[in-house]
Amino acid sequence: MKVLVLNGSPKAKSDTMQLTQAFLKGMKNVSEHDIEIIDIIKHNIKPCIGCFECWRTLDGRCVIKDFQNEILAKMQAADCIIWSFPLYCCGMPSHVKAVLDRTLPFSKIRFGGSNEEPKYGENIFSSKKRCIVICGSGFPVNVVNFEALKIQCIHMFGRVRMICVNQTPLLNVPSAKEHADKLLKKFEAAGEEFATRTYLYKETLDSLQTPMLSNEDYLKVAAEVGGN
């Protein structure tokens, strides 16, 4: 399987990427895969300017000449795209959003009847690609923290598998190593499951998203917490 990983963390030591790396390790335990990781923050990707030139040319490219066109080509060639990033302000970091905005060459607007609002129709994510979103957060529990992100990703990616994990800074807290190692093992097993079935069971997703500690215990170690 040709896998493109878009690492959206702005930090060299990323909690979320630790989870993603464990997932990739599980995939490689099962079979060989062509895996490429792009650290988005290392590239100057400009924001979309809304010119819609890509809808005129229909060549799958953006009129802005920067690294985004290489990303678009890699997206087209990939069988699976993994978006890995921390939760920022109920969504994705701005540099990741810039990449997503500039996938407009892959999208079409579908107009319905007179009473139906125009909306995005199928694109390469929803119709051809396997998409996984792995998102880490420093919040204690998942109540509504990921809800806005989930809505956006479902609309953009269709049959996306979303793995939203709270308490990810614990991956860098020495006193929480036992709990962090258990979570990383879960992600490795999930990677094996995905490589075998190209699918993740609901039970697997629920297990991956189960908090490592209770709220009370998590807050006790909050002083040691690093970043996402």
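Computed from a predicted model, the values in this text were never measured in an experiment. Here, residue 1 is the first one in the sequence, and each next residue gets the next number.
Shown here are the side chain to side chain donor-acceptor pair (under 3.5 Å) partners of Q152, two or more places apart in sequence or in another chain: there are none. For S214, the side chain to side chain donor-acceptor pair (under 3.5 Å) test picks out D217, with sequence neighbours left out.
Between M17 and I37, the closest side-chain pair of non-hydrogen atoms falls below 4.5 Å. E70 has its side chain out of reach of I38: every pair of non-hydrogen atoms, C-beta onward, lies at least 4.5 Å apart. Contact check for L170 versus H179: no side-chain heavy atoms found under the 4.5 Å cut-off. With a 4.5 Å cut-off on side-chain heavy atoms, R130 and F194 count as touching. Considering only heavy atoms from C-beta on, H43 stays 4.5 Å or farther from D66 through its side chain. You'll find the side chain of P86 reaches within 4.5 Å of the side chain of S9, heavy atoms only. You'll find the side chain of F187 reaches within 4.5 Å of the side chain of V165, heavy atoms only. Side chains of L171 and L19 form a contact here, defined as non-hydrogen atoms less than 4.5 Å apart.
S137 and N166 form a side-chain donor-acceptor contact under 3.5 Å, judged by distance and modelled atom types alone.
Across F106 and G60, no two heavy atoms sit closer than the pair CE2-O, 3.9 Å. Smallest separation of non-hydrogen atoms from V96 and G8: CG2-CA, 3.4 Å. Closest non-hydrogen pair, M92 versus C153, comes out as CE-SG, 4.4 Å. Across all their heavy atoms, L87 and N145 have their closest contact at CD2-O, 3.5 Å. Listed here is the closest heavy atom pair of A190 and T204: CB-CG2, 3.9 Å. Between G138 and Y218 the shortest heavy-atom distance is O-OH, 2.6 Å.
A salt bridge links E178 to K182: one of the charged nitrogens lies within less than 4.0 Å of a carboxylate oxygen. Ion pairing of D181 with K185 is absent here, as no side-chain N (NZ or NE/NH1/NH2) approaches a carboxylate O to less than 4.0 Å.
When the side chains of ILVMFWY residues are joined at heavy-atom separations under 4.5 Å, either directly or via intervening members, V3 and L200 end up in a single hydrophobic cluster.
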